[in-house]
Amino acid sequence: MTERPVAPELVLETETGSTPMNPIRDYHVGRDPSSDIVFDDARVSWHHAVLHPEDGHWTVEDEHSANGTYADGRRVRVGEVGPGSVIRFGSPDDGPRAVLTAPARARPSAVSHPALTHTFRQPTSVRPLPTRTVRIGRDPGNDLVVDDLMVSRYHAELHAHADGSYEIVDLGSHNGTYLNGLQVDRADIRPGDIVGVGHSDFCLIDDELQQYVDTGEVSLDVQDLTVTVDRGTKRLLDHVSFPVGEKCLLAVVGPSGSGKSTLMNALTGQRPADHGTVLYDGRDLYHDYAELRQRIGLVPQDDILHTQLTVHAALSYAAELRFPQDTAKAERRARVDEVIRELGLEERTRQHVHSLSGGQRKRVSVALELLTKPSLLFLDEPTSGLDPGMDRSVMYMLRGLADDGRTVIVVTHSVLSLDVCDRLLVLAPGGRTAYYGPPGDALAFFGFEHWPEAFEAFEQQKDRDWAGQYRDSPFHRRYVVGAAVQPQRPREAPVDVGLPPKPRGWGAQLRTLVRRYTAALAVDRTFLAIMIALPFVMGAMARALAGSELTRRSSLNALLILCVGAVLTGAANAVRELVKERVIYQRERAVGLSRSAYLMSKVVVLGTVTVLQAVVLTLVALLGVDLNVPGGEGVLMPPLVEITVAVALLAFNAMMLGLLVSAVVRKEEVTMPLLVLLAIVQVVFCGALLPLENVLVLEQLAWLVPARWGFAAMASTIDLPAFAPGDHDPLFAHTADVWLLAVGMLLALSLLFGLLVSRLLRRHEPAVMRK
């Protein structure tokens, strides 16, 4: 069988620029901003014409426009065009003009050169291949300067070897250097390989080093996405395919259970689809996720902000975490101010986030994502809970973001403002495509006048083949098959996409996180009041029981109050801290936050507060009290010092246990009942109320209870058996061995709880980020 001839590659030149034309797809012309060639002229129809590749040639077809399409001076319904053809739209004399030309020079593409996936894009810059080492970075002193805040001042070096080969070497950059989507420290480069540095990609083609800058005008091709659960027996997404053009605003709607959130996770790479491909401007998103994740912005339904901070402070801390640590403060401030101006937040900069309206908070969340200039912006239910006016305002904001040169995809339940979108995707129950195309044609396609009727039909007509009806419609042929930017491609060979980029600047991240967390706590006056009051109240209770000196009657009660006070102060400080920030952590982790730096910031700040509380608690309770210790000395240090150390370590353990509870629970509301349960368990197993020695199971369980060892260390210091002869627990003996064992167990339990918290944090991270 003979092969069909392929239409030639052409370049369409207009007054606003040139468009390389790929012979595997159609090119639509019109006033519609989502058209491939857009003319802002009243004589041009919304959908005016289409350029179509035929067998060995191209045709231009008028789409029933009001004022006609003219090829080489004559009006055409369908006409053949080629190099040198002049096409006018709306008027044969002075209508918007397009000229077809042959490419100046055949350049490799994703079709002919699989490694180069910027299909038919013209390089931003071209230079001869270097014959020496070329340093790449943001600093003006580099050989190749990349003006991008995601690029470190001295980012990487391209080494030219004597045999004509090349090697890329990362210089310890903050956001990493990538070869064909995978992060590398040092690697050889073959012709056609893509080296990623920030928003720029470099490729060795023939005798040139070509640079492609991702300016935001990228396409997204979703091909046959399928997601299954329960070992493949249940489908959440069922062969979903659609193209998203440059500067397009796409809305995704559908009834509950139609797979909207699943689709969002698949498109952002957080939970890759089991089958199918997502092509980011021709590149396999899942394969190149480590690099491309920096170019994707995601605004979840819940705010990704510390609401105690001001707008400017929240954005400034986010900029510190996302930009290289060698970025000057003035550079970060300039970018923050630029984003604030872009979203109209100038009058809100010094206002605390929690005091903003719902719509303004959503703007701040979007501003946070725009700091790194993402090309793709995803939003999950951004208008949830907003009144119709705010709903409209948010959607118009997204319209403006798309017009400025981004592709914006929004999942929404609201149908009030679909008219501002370029495309609409309607998902039917079971994750099937019920419609994809212009929003204005959707209801007519379904045969209804109002959206509630359509959603009722989805629920009531469960046997109706919504996806099949759409596949057989002209909408599918035009807006999915005919508008696909990339040819159908299988997913690239599996790679270990779960490995996140190596964290850079761990210490810098920790310092920023500590400062941000401290600032957030300092603004929370209620939390501060409780933290200050609690040790004084508990200490006063213990002092009332202790009196002027410890006696047989008061010693046990005083130590028990200290034990309970340490547990309550430590656990209360931490039990809400991870669960309330879970959405923030998930997003920041996806863009490079170190898990250990995040956890350590909590330990440093909360640990410092907790230890100070424990010291205050102990001093208020026992300072000036005659501890009545045999010989007047502790086992190793003065008695008050030993008890203070024991209480501080116990409180620190309780704080770590509180973090463990916070990492386990799914909702913040359940933390308070668990805090009460935690305190009761500590009291029961501390050994003060119930004898635990030689009690099978209970004694072994008590080894994992911090209060058991904290109380033992205090009891050992004052020689509790001497006050209460009935208490013969060997862990209460007044010896150095017993006291050191108790202190050592407290330290070991702290480390154990920390490791468990780290493992639990991993459960809440995007699937592709889990090691």
Side-chain angles (χ1 to χ4, degrees), residues 229 261 265 269-272 298 300-302 304 306 321 497-503 506 509-510 513-514 516-517 520-521 567-568 570-607 609-610 649-682 685 701 703-707 745-771:
V229 292
S261 297
N265 289 333
Q270 295 197 93
R271 198 291 192 187
L298 172 61
Q301 183 174 350
D302 297 325
I304 49 177
H306 288 82
L321 289 173
V497 296
L499 288 177
K502 299 175 184 177
W506 186 91
Q509 283 194 4
L510 176 61
L513 290 168
V514 166
R516 182 178 69 177
Y517 189 37
L521 290 181
V567 169
L568 281 178
N573 288 343
V575 77
R576 297 181 305 120
E577 295 308 297
L578 296 182
V579 64
K580 75 178 184 181
E581 291 185 2
R582 185 158 295 159
V583 175
I584 300 174
Y585 171 72
Q586 289 174 334
R587 181 59 195 142
E588 291 185 339
R589 176 70 176 135
V591 293
L593 179 69
S594 166
R595 183 194 310 151
S596 59
Y598 175 78
L599 177 57
M600 187 57 66
S601 71
K602 300 295 183 186
V603 172
V604 169
V605 176
L606 292 176
V609 171
T610 300
L649 285 175
L650 175 57
F652 186 85
N653 258 267
M655 183 270 294
M656 296 299 295
L657 196 54
L659 288 178
L660 182 60
V661 171
S662 192
V664 170
V665 299
R666 295 185 179 274
K667 295 182 179 180
E668 189 176 346
E669 292 80 5
V670 304
T671 56
M672 289 300 106
L674 289 177
L675 175 62
V676 175
L677 177 62
L678 187 65
I680 293 174
V681 169
Q682 300 296 315
F685 283 91
L701 286 176
W703 293 347
L704 298 176
V705 177
M745 285 298 297
L746 288 173
L747 293 173
L749 286 175
S750 294
L751 180 61
L752 174 63
F753 295 151
L755 293 175
L756 290 176
V757 172
S758 180
R759 295 296 295 175
L760 288 169
L761 280 176
R762 177 181 174 275
R763 290 193 318 161
H764 302 295
E765 296 170 1
V768 293
M769 298 297 294
R770 298 174 190 169
K771 293 184 180 180

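Just so it is clear, the model here is predicted, and its values are computed rather than measured.
The nearest pair of heavy atoms linking Val705 to Leu749 is C-CD1, 4.3 Å. The minimum heavy-atom distance linking Ala574 with Leu606 is given by the pair CB-CD1, 3.9 Å.
Looking at Gln509, its side chain does come within 3.5 Å of a backbone N or O of Ser594 through a donor-acceptor pair.
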Would you be so kind as to tabulate the donor-acceptor pairs closer than 3.5 Å made by side chains of residues 653-665, with sequence neighbours excluded?
unit_1	atom_1	unit_2	atom_2	d
Asn653	OD1	Ser750	N	3.4
Asn653	ND2	Leu649	O	3.2
Asn653	ND2	Leu746	O	2.7
Asn653	ND2	Ser750	OG	2.8
Ser662	OG	Val575	O	3.2
Ser662	OG	Leu578	N	2.9
Ser662	OG	Val579	N	2.9

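Residues that satisfy the side chain to side chain contact (heavy atoms under 4.5 Å, CB included) test with Ala572, not counting sequence neighbours, are Leu675. Shown here are the side chain to side chain contact (heavy atoms under 4.5 Å, CB included) partners of Met600, two or more places apart in sequence or in another chain: Trp506, Leu510, Val603, Val604. Legend: residues meeting side-chain hydrogen bond (donor to acceptor under 3.5 Å, both in side chains) with Ser601, ordered by chain and number and at least two apart, are absent. By the side-chain hydrogen bond (donor to acceptor under 3.5 Å, both in side chains) test, Ser261 pairs with no residue at all, sequence neighbours left out. Residues meeting the salt bridge (Lys or Arg N to Asp or Glu O under 4.0 Å) test with Arg516, sequence neighbours left out: Glu588. The side-chain hydrogen bond (donor to acceptor under 3.5 Å, both in side chains) check on Asn573 picks up Thr610, Gln613, with sequence neighbours excluded.
Here salt bridge (charged side-chain N to carboxylate O under 4.0 Å, His left out) pairs that include residues 667-676, with residues two or more places apart or in two chains, are Arg576-Glu668. A ring pair (Phe, Tyr, Trp, His ring centres under 6.0 Å) check over residues 570-589, counting only residues at least two apart or in different chains, returns the pairs Tyr585-Tyr598.
The CZ atom of Phe753 sits 12.0 Å away from atom CG of Leu760, with the distance rounded to the nearest 0.5 Å. Atom CG of residue Leu761 and atom CZ of residue Arg582 lie 8.0 Å apart, to the nearest 0.5 angstrom.
The side-chain heavy atoms of Leu298 and Gln270, taken from C-beta on, include a pair separated by under 4.5 Å. Side-chain contact check for Leu521 versus Glu577: some heavy-atom pair is nearer than 4.5 Å. Between Leu321 and Leu513 the shortest side-chain heavy-atom distance falls below 4.5 Å. When side chains are defined from C-beta on, Arg762 counts as touching Arg759, because their heavy atoms get closer than 4.5 Å.
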